[in-house]
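The block underneath contains the structure these notes are about, expressed in C-alpha cells.
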Amino acid sequence: MYYLVSVILAAGKGTRMKSELVKVLHPVAGRPMLAYPVAAAKAVGSSRIIVVAGHQKDKVEAALQGQQVDIALQAEQLGSGHAVLMAAPHLKDFEGDVLILCGDVPLITTETLEAFLATHRENKACVSVLTVELDNPAGYGRILRTGGGDLCGIIEHRDATAAQLAVHEINTGIYCCRAPFLFEALGKVKTNNDQGEYYLPDIVSIAAAAGMKVQAMKTGDFEEVAGINDRAGLAKAEAAMQARIAGRHMAEGVTIFDPHATYIEADVQIGADTVVYPGTSLRGVTRIGCGCIIDMHSVIKDSIIGNGVHIKPSCMIDESTIADNVVVGPFAHLRPQAVLSEGARVGNFVEIKKSRIGTGSKVNHLTYIGDATIGSGVNVGAGTITCNYDGKRKHPTVIEDNVFIGSNTALVAPVTICKNALIGAGSTITKNVPENTLAVARGSQKNYENFMLPKPGKDKD
Ligand code: UD1
Ligand code: CA
C-alpha cells in the first residue's frame, strides 16, 4: 500500500489581485481556483489532503466544505517553507510521500501529476521537483544543477546571480517529498534571503547536501503549471480552462461553433448532438440533454434541460427545469423554479417564476406567470399577467387543462380557472371560473352613433 498525502498552499493573500477576496477563491470556470488542485490531489490517490490557509481562512474552509480536506492554519505568512511546516502537526508519524501543490495553480492535470509521482517512486527519490523551461523565466525560482547535471538547489530570482538568472529551467512550485525528511529539512530552513522568508525550495539544497536522492522532472507544458498572480493571469487561466472544457464537450459529440466566444463552467453537462451558438453562457450545475439547440446570447444557470429543446436567442434561464422538446424564447426569462413540461412553448418577452407549465401548453408573448400551476393544452394569450402579489404576500393561480386565456387578461390571485374554461380578452379575473365556462370581465363596449366630428379647419387660429 502506497501512502500519499497532499499539502496545498493557500495562505497567501494574493496582493497583486488587488481584491477584497483572497486569491485562491477567485473562480476559474465557476469554481474557486483552489478546487482544482484539491480535485487533482484526490485524483492521484491522496489518502489525505491538507490545505494550508491563512488569509480569509474561514472563507477558504467554507468553500471546501464537504470536500474531505483538513485545514492547517498559517496565521502569519512567513514563507512557503513555513506554510508547509504548518501541516506537520496533522502528519505526525506519517512516513509516506507528501505531494505539495499550490492553490493558485489550477490547470495542473492528473496525467502530469501521475507521471511526476511515478518518476519519484521509480527512482526512489527523497525530493522531486517539477520543472519547466521558459523563454522568459523572470520572477521564478531557477533550477541549479551540478557540472554533472544533477539537481542541487533552487535560487529565487531576486537572490540569483547573473549566471543563475541565465538559467531557463524554473521551479513550478510542485514537489514530492518523503514526509520524515521534509519536516526535518524544513526545521533547518533559514531566512537568509532577500525577503527574509522561510523558502520551501531550500529543502532541495538541504537534501542534496545531505546526499539524499533529489531529482527534477521537466514537463513540456507551461500552461498547466502557470500560477495565477494577477487579473491578467486569471484571464489566461480562464481562457485555457475554457478551451479544455469546450474540447471535452466537443470530444463527446457537442457542436460548439466558436469555443472562444462561448463560456461553459466546469460543472456543466451537455448531451451529444446539442449545438451551442456563440455568446452563450452555461453556468453552475447545469445539465443539457441531447439534440438541443442553444442559440446565441443565452445565459443558462443551475438548470436541467431535456432532449430536443430549442432555446432561441437571448434567454435568461435560472434554476429552472425544462422537459423534452420544449421551445423557449427569443428573449424569455425563466426565474427560479420555472418548470416547463414536455412540448411546452414559452415565447418572447415572457417571464416565468416558480410556476409549472403543463404538457404542450403555450405562453407565447409578453406575459408574466408567477406562482402558477398551468395544466396541459393551455393557451395563454399575449399580455396575460398573474397578479400574484398583494403588496405583502404571494398568492397562487391555478389554470387547469385546456383553458384558453384571451389576450391582455389579469388573473388576480388567488384564483382558479377550471378545465376547458375560456377567458375573454381584456378581462380582470378576480373570482374562480368553473369548468366549461366563458368568463368575460371587462367594461362592455358602447358605440355612440352620429357622433359629431369637429369641422375641418376650425382649429386654425
Ligand atoms: C514560488 C517559489 C518559486 C517558484 C514559484 C512558482 C518560493 C520561495 N518560491 O514563488 O521558486 O518558481 O513559486 O510559481 O516558494 N504561501 C503560503 N504562505 C506563505 C508564503 C506562500 O501559503 O507564507 C503560498 C502562496 O499562497 C502560494 C505559494 O505558497 O500558493 C507560493 O508562494 P508565492 O509567494 O506565490 O511564491 P512565488 O514568488 O510565486
Ligand atoms: Ca505564486
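Worth saying up front: this structure is predicted, and the values here are computed from it rather than measured. Both ligands and their constituent atoms are indexed starting at 1 by order of listing.
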TODO: Scan side-chain atoms only and decide if S128 and Q215 contain a donor-acceptor pair under the 3.5 Å cut-off.
DONE: yes
Open item on the list: When you compare the side chains of H26 and S19, does any donor N or O come within less than 3.5 Å of an acceptor on the partner?
Closed with: yes
Structural part of [X] in contact with ligand 1, heavy atom criterion under 4.0 angstrom:
| X | answer |
| --- | --- |
| H82 | neither |
| L200 | neither |
| T172 | backbone |
| P201 | side chain |

Flag the pair [X] / [Y] as yes when at least one side-chain heavy-atom distance between them is below 4.5 Å, and no otherwise.
| X | Y | answer |
| --- | --- | --- |
| V299 | I317 | no |
| M316 | R335 | no |
| P313 | H297 | no |

TODO: Could you tell me whether R248 and E252 make a salt bridge, using a distance below 4.0 angstrom between a side-chain N and a carboxylate O?
DONE: no
Open item on the list: One thing to verify: whether K218 and E133 come together as a salt bridge, which I'm taking to mean a side-chain N less than 4.0 angstrom from a carboxylate O.
Closed with: yes
Task: Heavy-atom proximity to atom 17 (C) of ligand 1, best of E156, Q74, R16, K23 - done: Q74
- [ ] Identify which of G79, A72, G54 has a heavy atom lying nearest to atom 20 (C) of ligand 1.
- [x] G79
Against heavy atoms of [X], which atoms of ligand 1 measure under 4.0 Å?
| X | answer |
| --- | --- |
| L78 | 23 (O) |
| A11 | 17 (C), 18 (N), 22 (O), 26 (O) |
| G141 | 3 (C), 4 (C), 11 (O), 12 (O) |
| A83 | 17 (C), 18 (N), 22 (O) |

Ligand 1 to [X] polar contact by distance, N or O atoms, under 3.5 Å:
| X | answer |
| --- | --- |
| G173 | no |
| N171 | yes |
| N229 | no |
| Y140 | no |
| C102 | no |
| E197 | no |

Task: Close approach, D104 and ligand 1, non-hydrogen under 4.0 angstrom - done: yes
Open item on the list: Measuring from non-hydrogen atoms of G12 to any atom of ligand 1, is the shortest distance under 4.0 Å?
Closed with: yes
Task: Neighbour count >12 (heavy atoms, 6.0 Å) for atom OH, Y198 - done: no
TODO: Take D194 and R158, measure what salt bridge (charged side-chain N to carboxylate O under 4.0 Å, His left out) needs, and give me the verdict at the end.
DONE: CA-CA 7 Å; D194 187 54; R158 56 208 303 163; 2.8 Å; yes
Open item on the list: If the test is salt bridge (charged side-chain N to carboxylate O under 4.0 Å, His left out), which one of R31, R287, R283, K301 qualifies with D267?
Closed with: R31
Open item on the list: Would the distance check show the side chain of D258 and the main-chain N or O of P278 forming a donor-acceptor pair, the cut-off being under 3.5 Å?
Closed with: no
